[in-house]
Every structure is written in C-alpha cells, then in structure tokens.
Amino acid sequence: MQLAVFSAKPYDKTYLTSARAAELDNAVGIDVVYHEFALSLDTVPLAKGASAVCVFVNDDLGAPVLESLHASGVRAVLLRCAGYNNVDMQAAQRLGLFVANVPSYSPEAVAEFAVAQIQTLNRNTHRAYNRVREGNFTLQGLLGRTLHGKTVGVVGTGRIGVAFARIMHGFGCRLVAYDLFENDGFKQYGAYTDLDTLLSESDFVSLHCPLTNETRHIINDDTLAKMKKGAMLVNTSRGGLIKTKAVIAALKSKHLGGLALDVYEGEGALFYNDHSGHIIDDDELMRLTTFHNVLVCGHQAFFTEEALREIADGTIRNLGDFLHRRQCKYALVQEAGPTLARRDSVPIRI
C-alpha cells in the first residue's frame, strides 16, 4: 500500500522511518511518498494511488478535499498531531474514512515552551541578547517582574495545561484554572474558577484549550477588557482562540501588558516555510511584530526530539491498526463507523 505524507519536512522523514515503521513495512509493505506541499484541493491529485494520507495541523481536510481523496481511493487519514479542527468530521464519517490522531505526545514539551515564552518576554532576554551583541550593556528597558507570588491563569487543563501548572507551581505562583471538564490532576496545584474571575485576577494567562466552535475567539474585545491591566497573555495552543484585531487594540491602549504567541489564526499560509525573501502581506501579523512587548514564534512548542519520536510512533501505530483492521484507540472515525468522541480528548491542549 502507498502512504502519502503531506507538509513533510526533513525531520518528519527522519522520525517516520523509525524501527516501528520498518517493522510494519516488513509485515505489509508500505511505499511512503513525501510531499513538501500542504494538502489542499490543488494538491489532492498527489494522493492518487495512495490508500492513506498523513497530514499536519495546517493541511486542509474540509469536505471537498475529503471527497476528492475518497474518490481517488484514499481510505485513511492519519493526523500526526493532536488537533483535528481542520477536519470535517461529519464528511469523514459519511464517506466511511478512517481518521486517527496522536492525542498525547510529550505534553511537557509544549508546557516548557510556554514557560520559556513567559520568561523571555517578562525578563526581556531576547532584547538583552541583541543588545549585548552590539556592545550595549545597559539595563534600561529590560525591567521584568518576579514570577514568585504572581497569579497565573490556565485556560484548559488537559495534559499540557496540567504540565504547565506543575512548572509554574514550582516557581511559587498561585494557580487558577478554567475548564468545562475539571481535571483532578490540576487540583493539587491550584483551584478552578470561572473565566471572568480568572481573567480579572491573573498576572499571566496561558491558553491550553482546543479550538472548537465554543472556544474560537475566546479572547476577544470583551474578555480582554476583563483582564487585569498590564497582564501578559500566552498562546501555545491554537491561533483561532485569539481575535487578533482585539489584542492589537488592547496592546495599543496599553491594557494588555504583553503577548507571547506560538500560534496565529492566519498561520496556515505562512508557518513552517521560509518567507524571508518575500513581502508578507498579512497586515495584522506584521503589526504584531512592531510591538516591543510581543513575541511571535512559528508554532514550534511541540518541536523536541521526544515529541517527534512519540508523534511518529503514534502515527505508525494508528496506520497499523487501520491496515490490520484492529480497533484503534485513537480513532476519531473508525472506518464506516460512528464518530468516536473520546471523553479524554475534549480538554486536551492541541
């Protein structure tokens, strides 16, 4: 069988050719074809002849794409990520496609990166680095705040949210959280409250919830106005959680004290590719980069050796379940079966 891998980078090839993949290849014979391009209506023809496609966070898996894939003979969609907000699940179910994700991979990788963003922006280490390289050792403009004793709000307490809370608890912070599904694992570090209270009390707010219809633009003009003046907002989850125009306005008014992003709602056309030789016509993203108290990264929080290994192993395991017609633990849609809404997938940061 043939597996078409979209949005493939060199590191994807390295980790997808693991011992587990070799074992599966020896058992059933797999021809893996890598495509650097993202999956879209324009690139669907590249999947011709494949029985399964392997995709990433910014690939298009809307109904038209899924229908085209199904017509070309594809029967399985393997997500090498946890998030599936880019998949039309109803269309996948209607077409009888097998869809599976990797819901848990090194939650500490993302949690640690969120903390790194907080401390980078809070203590201005990125600015100090550039200054020192130019022989400037002044401290003016680099003043930060001690984390110890500060209140940190965690929106979403899945595995990553809890890992983040554990780290911040170690700094001596007071933790409060908001999640529709309370996690006992968080309660040893802090207390649950409603979103309005969290926003009004927190010095730092970190987003770790999935992107759904209910959470899209959970950070907007109204919720930003409820945040403590001067608070910092961090998002390592999904860009669509934040209404970009709203945070720009909050930054301009100086109500929002800082913004650290590893994701961006318009990232699909930009992230994971080099645009340094081109004019970027995303005015909102470019406006964000003009603020000295904004830090933007390119969706790299997951990017550790451990996470890539776990993602690859999980993806290959899901492929093995599909090929051997086994019940797949991480199936979102089992072939020609019902959508499997796993209870533990809802609050996970993706």
Undergrad: Salt-bridge test for R326 and D321: reply yes if a basic N is under 4.0 Å from a carboxylate O, no otherwise.
TA: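 The answer is yes: the pair qualifies as a salt bridge.
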Undergrad: Do Y272 and F56 have ring centroids that are under 6.0 Å from one another?
TA: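 Distance test on ring centres: under 6.0 Å, yes.
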Undergrad: Check each of R174, E201, K228 against T151 using the side chain to side chain donor-acceptor pair (under 3.5 Å) test, and report the only one that passes.
TA: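 Of the listed residues R174, E201, K228, the side chain to side chain donor-acceptor pair (under 3.5 Å) partner of T151 is R174.
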Undergrad: Keeping the roles fixed (side chain from S202, backbone from V205), state whether a donor-acceptor pair exists under 3.5 Å.
TA: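 No, S202 side chain to V205 backbone: no donor-acceptor pair under 3.5 Å.
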Undergrad: Would you say F204 and V176 are hydrophobically clustered, going by side-chain heavy atoms of ILVMFWY under 4.5 Å?
TA: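 F204 and V176: separate clusters.
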Undergrad: Just so I know, are the side chains of L295 and L259 near enough to count as touching, which here means a heavy-atom distance under 4.5 Å?
TA: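 Answer no - side chains too far apart.
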Undergrad: Nearest 0.5 Å, please: how far is CD1 in I118 from CZ in R145?
TA: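 Between atom CZ of R145 and atom CD1 of I118 there are 10.5 Å.
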Undergrad: If two hydrophobic side chains count as joined below 4.5 Å and joins carry through other members, does L46 share a cluster with V77?
TA: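 In one cluster: yes.
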Undergrad: Y34: which residues meet the side chain to side chain contact (heavy atoms under 4.5 Å, CB included) condition with it, sequence neighbours left out?
TA: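 By the side chain to side chain contact (heavy atoms under 4.5 Å, CB included) rule, Y34 matches V5, A8, K13, L16, T17, V32.
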Undergrad: Which heavy atom in L3 sits nearest to a heavy atom in I30, and how many Å separate them?
TA: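 What the structure gives for the nearest pair is CB-CG2, 4.2 Å.
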Undergrad: Suppose we screen for side-chain hydrogen bond (donor to acceptor under 3.5 Å, both in side chains). Which residues come up paired with S51, at least two apart in sequence or across chains?
TA: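 S51: no side-chain hydrogen bond (donor to acceptor under 3.5 Å, both in side chains) contacts found.
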Undergrad: Do any N or O atoms from the side chain of T14 and from the backbone of P10 form a donor-acceptor pair under 3.5 angstrom?
TA: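 Checking the backbone N and O of P10 against the side chain of T14, a donor-acceptor pair under 3.5 Å is found.
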Undergrad: Does any non-hydrogen side-chain atom of L332 lie less than 4.5 Å from one of V87?
TA: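 Counting from C-beta outward, V87 and L332 never come under 4.5 Å.
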Undergrad: Is the closest basic N to carboxylate O distance between D12 and K9 below 4.0 Å?
TA: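 Salt bridge: no.
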Undergrad: For side chain to side chain contact (heavy atoms under 4.5 Å, CB included), just list the numbers for D60 and N86, CA-CA rounded to whole Å, side-chain angles, deciding distance to a tenth of an Å, and then say yes or no.
TA: CA-CA 6 Å; D60 179 3; N86 55 333; over 6 Å; no
Undergrad: Please identify each residue that fulfils side chain to side chain contact (heavy atoms under 4.5 Å, CB included) with E67, with sequence neighbours left out.
TA: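 For E67 the side chain to side chain contact (heavy atoms under 4.5 Å, CB included) partners, ignoring immediate neighbours, are A63, R94, L95.
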Undergrad: Tell me every residue that passes side chain to side chain contact (heavy atoms under 4.5 Å, CB included) with A177, counting only those two or more places apart in sequence or in another chain.
TA: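 Listed in chain order: V154, T157, F186, Y192.
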Undergrad: Using side chain to side chain donor-acceptor pair (under 3.5 Å), reason through T315 and N318 one step at a time and then give a plain yes or no.
TA: CA-CA 5 Å; T315 301; N318 291 340; 5.7 Å; no
Undergrad: Just do the side chain to side chain donor-acceptor pair (under 3.5 Å) check on T138 and N136 with the steps written out, would you?
TA: CA-CA 6 Å; T138 61; N136 181 352; 2.8 Å; yes
Undergrad: Can you name the residues that form a side chain to side chain contact (heavy atoms under 4.5 Å, CB included) with S200, not counting sequence neighbours?
TA: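 Listed in chain order: nothing, the list is empty.
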Undergrad: For the pair F303 and F113, evaluate ring-ring contact (aromatic ring centres under 6.0 Å, His included) and give the outcome as yes or no after the intermediate values.
TA: CA-CA 9 Å; F303 199 56; F113 193 84; over 10 Å; no
Undergrad: If I compare all heavy atoms of R75 with all of H70, which pair ends up nearest, and what's the gap?
TA: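 Heavy-atom minimum between the residues: NH1-O, 2.9 Å.
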Undergrad: For the side chain of D196 and the backbone of L199, is there at least one donor-acceptor N/O pair under 3.5 Å apart?
TA: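 Absent.
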Undergrad: Between the main-chain N or O of H148 and the side-chain N or O of T146, is there a donor-acceptor pair closer than 3.5 Å?
TA: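 Side chain of T146 to backbone of H148: no pair is present.
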Undergrad: Test side chain to side chain donor-acceptor pair (under 3.5 Å) on D274 and S276 and set out the steps.
TA: CA-CA 6 Å; D274 183 2; S276 58; 2.7 Å; yes
Undergrad: Is it the case that R80 places NZ or CZ above or below the six-membered ring of Y15, under 6.0 angstrom from the centre and within 45 degrees of the axis?
TA: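 No, R80 and Y15 do not form such a contact.
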Undergrad: Please step through side chain to side chain contact (heavy atoms under 4.5 Å, CB included) for the pair L261 and L233, ending with a clear verdict.
TA: CA-CA 8 Å; L261 301 177; L233 177 64; 6.0 Å; no
Undergrad: Going only through I, L, V, M, F, W and Y residues with side-chain contacts under 4.5 Å, is there a path from L256 to L121?
TA: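 L256 does not cluster with L121.
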Undergrad: Is the shortest side-chain heavy-atom distance between R123 and L143 below 4.5 Å?
TA: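 A side-chain contact is absent here, since even the closest heavy-atom pair is not under 4.5 Å.
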Undergrad: Of all the heavy-atom pairs spanning S237 and C209, show the shortest one and how long it is.
TA: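 Nearest pair, atom of S237 first, then C209: OG-O, 2.5 Å.
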Undergrad: Is it true that a side-chain atom of D262 and a backbone atom of H299 form a donor plus acceptor pair closer than 3.5 Å?
TA: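 Answer holds: yes.
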Undergrad: If you take all heavy atoms of L319 and A52, which pair is closest and at what distance?
TA: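 Minimum heavy-atom separation between L319 and A52: CD1-CB, 4.4 Å.
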Undergrad: Are any of the side-chain heavy atoms of E267 and V263 separated by less than 4.5 Å?
TA: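 Side-chain contact under 4.5 Å: yes.
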Undergrad: Does some side-chain heavy atom of C173 sit less than 4.5 Å from a side-chain heavy atom of L175?
TA: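 Result yes, sub-4.5 Å side-chain heavy-atom pair found.
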Undergrad: If you round to the nearest 0.5 Å, how far is CG of L198 from CE of M227?
TA: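 Rounded to the nearest 0.5 Å, the CE-CG separation comes to 9.0 Å.
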Undergrad: Check whether any side-chain heavy atom of Y84 sits under 4.5 Å from a side-chain heavy atom of L61, and report yes or no.
TA: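 With C-beta onward as the side chain, the pair stays apart.
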Undergrad: Are V53 and V33 connected in the hydrophobic side-chain network, where two residues link if heavy atoms are under 4.5 Å apart?
TA: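 No; V33 is not reachable from V53 via cluster members.
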Undergrad: Is it the case that atom OH in Y11 sees more than 12 heavy atoms from other parts of the structure closer than 6.0 Å?
TA: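 Enclosed.
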Undergrad: Is any side-chain heavy atom of L241 less than 4.5 Å from a side-chain heavy atom of I219?
TA: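 No, too far: nothing below the 4.5 Å cut-off.
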Undergrad: Working to the nearest 0.5 angstrom, can you tell me the gap between R317 CZ and E310 CD?
TA: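 Answer rounded to 0.5 Å: 9.5 Å.
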Undergrad: Between H208 and F164, is the ring centroid distance below 6.0 Å?
TA: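 Yes, the ring centres sit under 6.0 Å apart.
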Undergrad: Do N293 and L251 touch side chain to side chain, with heavy atoms closer than 4.5 Å?
TA: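 Sidechains of L251 and N293: in contact.
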Undergrad: Begin with the C-alpha distance, continue with both residues' side-chain angles, and end with the deciding distance and a verdict on side chain to side chain contact (heavy atoms under 4.5 Å, CB included) for F302 and L308.
TA: CA-CA 8 Å; F302 76 98; L308 288 178; 3.8 Å; yes
Undergrad: Given 3.5 Å as the limit, does a donor-acceptor pair link the side chain of D88 with the main chain of A91, or not?
TA: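 Yes; at least one donor-acceptor contact below 3.5 Å.
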Undergrad: Kindly state each residue pair satisfying side chain to side chain donor-acceptor pair (under 3.5 Å) with at least one member in residues 241-250, sequence neighbours excluded.
TA: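 Pairs touching residues 241-250 that pass the test: T244-E265.
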Undergrad: Going by atom types only, do Y264 and D282 share a side-chain donor-acceptor pair under 3.5 Å?
TA: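 The criterion, which ignores hydrogens and geometry beyond distance, is satisfied for D282 and Y264.
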Undergrad: Checking R287 against F291: charged group under 6.0 Å from the ring centre and within 45 degrees of the axis?
TA: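 Output yes; distance and angle both within limits.
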Undergrad: Using a 3.5 Å distance criterion without hydrogens, assess whether the side chain of T215 forms a donor-acceptor pair with backbone atoms of I218.
TA: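 Checking the backbone N and O of I218 against the side chain of T215, no donor-acceptor pair under 3.5 Å is found.
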Undergrad: Is a side-chain donor or acceptor of T43 paired with a backbone partner of A38 at a separation under 3.5 angstrom?
TA: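 Side chain of T43 to backbone of A38: a pair is present.
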Undergrad: Taking a hydrophobic cluster as the set of Ile, Leu, Val, Met, Phe, Trp and Tyr residues connected by side-chain heavy atoms closer than 4.5 Å, whether directly or through intermediates, do Y189 and V152 fall within one such cluster?
TA: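 Same hydrophobic cluster.
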Undergrad: If you take all heavy atoms of G268 and N58, which pair is closest and at what distance?
TA: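 Closest approach of G268 to N58, heavy atoms only: CA-CG, 3.8 Å.
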Undergrad: Please say whether the positively charged group of R325, taken as NZ for Lys or CZ for Arg, lies over the ring of F322, i.e. under 6.0 angstrom from the six-membered ring centre and within 45 degrees of the axis.
TA: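 Yes, a cation-pi geometry holds between R325 and F322.
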Undergrad: Would the distance check show the side chain of N101 and the main-chain N or O of A82 forming a donor-acceptor pair, the cut-off being under 3.5 Å?
TA: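 Side chain of N101 to backbone of A82, a donor-acceptor pair under 3.5 Å: yes, one is there.
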Undergrad: Which heavy atom in S7 sits nearest to a heavy atom in D59, and how many Å separate them?
TA: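 Residues S7 and D59, closest heavy atoms: OG-OD1, 2.8 Å.
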Undergrad: If you measure from OG1 on T197 to NZ on K226, what distance do you get to the nearest 0.5 Å?
TA: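 Taking OG1 in T197 and NZ in K226, the distance rounds to 10.0 Å.
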